[in-house]
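The analysis underlying the following values was restricted to heavy atoms, covering all of them including side chains, and did not include hydrogens, waters or symmetry mates.
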Amino acid sequence: MILFEIVHGRNPDVLYHVLQKHQYDSQIRPNVSGAPVHVSLFLLITDIHSVSESSMDFGITMFLVQMWKDERLAFNGTEAVDLRSGSELMSKIWMPDSYFVNEKEGNVHEITMENKQIRVEPNGNITFDVRVSMKLTCYMRLQRFPMDKQMCGMDIESFGYTTRDVVLEWDERSIILEDITMPDFSIRQSSTVKLLHVYPMGNYSRLKCTFHMERELIFYVMEHYVPSALLVILSWVSFWIGVDVTPARASLGITTVLTLTTLSSGARANLPKVSYIKAIDVWMFTCSFFTFAALLEFAVTSFLHKKGQDRQMDPTPRENKKNKTNFMELKEYLQSPGNSHRDVYTHKMDTEARIFVAADNDNVKERRQTDFIGQAHYVDRMSRLLFPAAFVLFNAIYWPYYIYV
């Protein structure tokens, strides 16, 4: 990438003459006893990559261009002098000590040679261009993940020169973004700002640029949301399977619960261990709740169906009813006025009558419980309506809230 116009540069020997004539010292800034040096910067971003939520960083490759004026290097002429990699003069010229505050690691490209270039104009204006790749810290807020929008950027600051010596400022071009394509984000816009940071050593100039990035949702929809939603719908199939087909309903419910648990763990595998709930956590928890509720529904209907079958096989209520009828007829006969055994059996019959009355109360309760099979089918019919309706209602709230609110 050529950032400068192609010109017929003068022989760099002219700079040797200037350096010797003024006894140039690269450790002393220009205009050391006067106003601070104004260093203008602009960035040509060629690539942004490797945005990582787990390590909270991203990678960037760019050309960093710094421009300032050093009147000590002014010379008579009409053409600029270009110093490229390998030139001894590069180390003899004063340069600003700019560094990246949020840098984790970085390097200057050296293939096929070190990617550095300096241009010195006849009036002393200097342009320093270097191609670098870095990994920069980006603290992300993942409450809306994966419908989130992140702001990542870089802070550039002078390391050893306070604002009395060096002032950093953005060039009018500030940031130039080439056609950058990322698999999981799209860059909506970029912004720049000039700041002043106060340290114990003094006030330092800082330049901050921010990239406004929006996450591409389609991957997460196809990888996590659609499979989990299908598992929830699959768990509802058990509502249409007969209550008495216990093995099929049990295996279906357990399989959907375990599969969704595995899918939920995979969705959070590459995310940091943060202390707040993310959007995908809400989705996975709700889907797990629906599949587990379907499994519990099977347990309830199976219990009711089993209890109903046991009641049908128990003949005790019918026999008690027949015995009670015979007992009441016998009691009326013995207590008739013409019966000579009336007094003898009165006490005994009253005792047995209380026993039969208690048995009759039990029969009433049992008759109320004979329709357990019908109740099991009713629970299934209601579940076929309530479960889908509740899931649709959840989706109607979930997606607008995390995308638009």
Side-chain angles (χ1 to χ4, degrees), residues 1 3 40-66 98-106 131-157 168-197 204-225 267-268 270-272 274-283 398-405:
M1 176 62 65
L3 296 180
S40 299
L41 286 84
F42 83 87
L43 309 175
L44 174 59
I45 312 295
T46 59
D47 188 26
I48 297 178
H49 55 88
S50 303
V51 181
S52 173
E53 295 82 13
S54 58
S55 55
M56 294 286 185
D57 55 32
F58 70 102
I60 188 170
T61 301
M62 66 179 183
F63 290 90
L64 172 64
V65 182
Q66 303 180 79
S98 305
Y99 79 103
F100 293 87
V101 179
N102 58 330
E103 176 197 356
K104 284 188 173 181
E105 58 185 50
R131 181 170 176 251
V132 298
S133 288
M134 295 178 293
K135 182 179 290 186
L136 302 171
T137 301
C138 177
Y139 294 105
M140 304 180 189
R141 298 179 179 179
L142 301 172
Q143 286 89 343
R144 294 180 177 270
F145 178 88
M147 283 81 74
D148 55 327
K149 299 177 182 179
Q150 301 296 338
M151 292 190 297
C152 297
M154 65 185 76
D155 296 344
I156 306 173
E157 189 175 286
L168 301 181
E169 54 192 16
W170 286 110
D171 185 71
E172 59 182 9
R173 292 166 286 186
S174 67
I175 297 178
I176 301 176
L177 289 172
E178 292 192 338
D179 294 333
I180 297 176
T181 302
M182 292 185 290
D184 48 355
F185 280 96
S186 59
I187 299 178
R188 297 305 181 187
Q189 63 177 352
S190 60
S191 59
T192 59
V193 65
K194 180 180 177 180
L195 303 172
L196 181 66
H197 272 245
Y204 290 80
S205 179
R206 176 180 292 191
L207 301 180
K208 183 180 183 66
C209 72
T210 304
F211 307 109
H212 301 262
M213 300 186 295
E214 183 175 351
R215 193 181 303 274
E216 298 292 345
L217 184 59
I218 186 63
F219 168 79
Y220 298 93
V221 170
M222 301 303 297
E223 188 75 9
H224 302 297
Y225 283 95
R268 297 191 296 267
N270 296 324
L271 296 177
V274 294
S275 59
Y276 49 80
I277 298 176
K278 301 175 288 295
I280 199 168
D281 294 334
V282 175
W283 175 267
Y398 178 86
W399 293 104
Y401 175 79
Y402 282 107
I403 293 179
Y404 301 111
V405 176

Can you tell me if NZ on Lys194 sees more than 12 non-hydrogen neighbours from other groups inside 6.0 Å?
-> yes
How would you list, by chain and number, every residue that makes a side-chain hydrogen bond (donor to acceptor under 3.5 Å, both in side chains) with Ser190, sequence neighbours excluded?
-> none
Please name all residues satisfying ring-ring contact (aromatic ring centres under 6.0 Å, His included) with Tyr402, sequence neighbours left out, ordered by chain then number.
-> Tyr398
Which residues share a salt bridge (Lys or Arg N to Asp or Glu O under 4.0 Å) with Arg206, sequence neighbours left out = Asp155, Glu157
Residues in ring-ring contact (aromatic ring centres under 6.0 Å, His included) contact with Tyr220, at least two apart in sequence or another chain = Phe145
Who pairs with Asp57 by salt bridge (Lys or Arg N to Asp or Glu O under 4.0 Å), at least two apart in sequence or on another chain?
-> Lys104
Backbone N or O of Thr137 within a donor-acceptor pair of the Asn102 side chain at under 3.5 Å?
-> yes
Those residues that, when tested against Asp171, pass side-chain contact (heavy atoms from CB on, under 4.5 Å) (two or more places apart) = Ser40, Phe42, Met67, Arg173
Which pair of heavy atoms, one from Leu136 and one from Phe100, lies closest together, and at what distance?
-> CD2-CB, 4.5 Å
Can you list the residues that meet the side-chain contact (heavy atoms from CB on, under 4.5 Å) rule with Glu216, with sequence neighbours excluded?
-> Ser186
For Leu217, look at atom CG and say whether over 12 heavy atoms of other residues, nucleotides or ligands are found less than 6.0 Å away.
-> yes
The complete set of salt bridge (charged side-chain N to carboxylate O under 4.0 Å, His left out) pairs with one or both residues in residues 133-143, sequence neighbours excluded, reads none
Any residue meeting salt bridge (Lys or Arg N to Asp or Glu O under 4.0 Å) with Arg215, in chain and number order, not counting sequence neighbours | Glu53, Asp148
Would you indicate whether Tyr99, at its atom OH, is surrounded by more than 12 heavy atoms from other residues, nucleotides or ligands within a distance under 6.0 Å?
-> yes
Sequence neighbours excluded, the answer for side-chain contact (heavy atoms from CB on, under 4.5 Å) partners of Tyr404 is Pro400
dist Glu214:CD -> Arg188:CZ (nearest 0.5 Å) comes out at 4.5 Å
With Glu223 via salt bridge (Lys or Arg N to Asp or Glu O under 4.0 Å) - residues at least two apart | none
By side-chain contact (heavy atoms from CB on, under 4.5 Å), which residues pair with Thr61, not counting sequence neighbours?
-> Thr46, Asp47, His49, His109, Arg131, Ser133
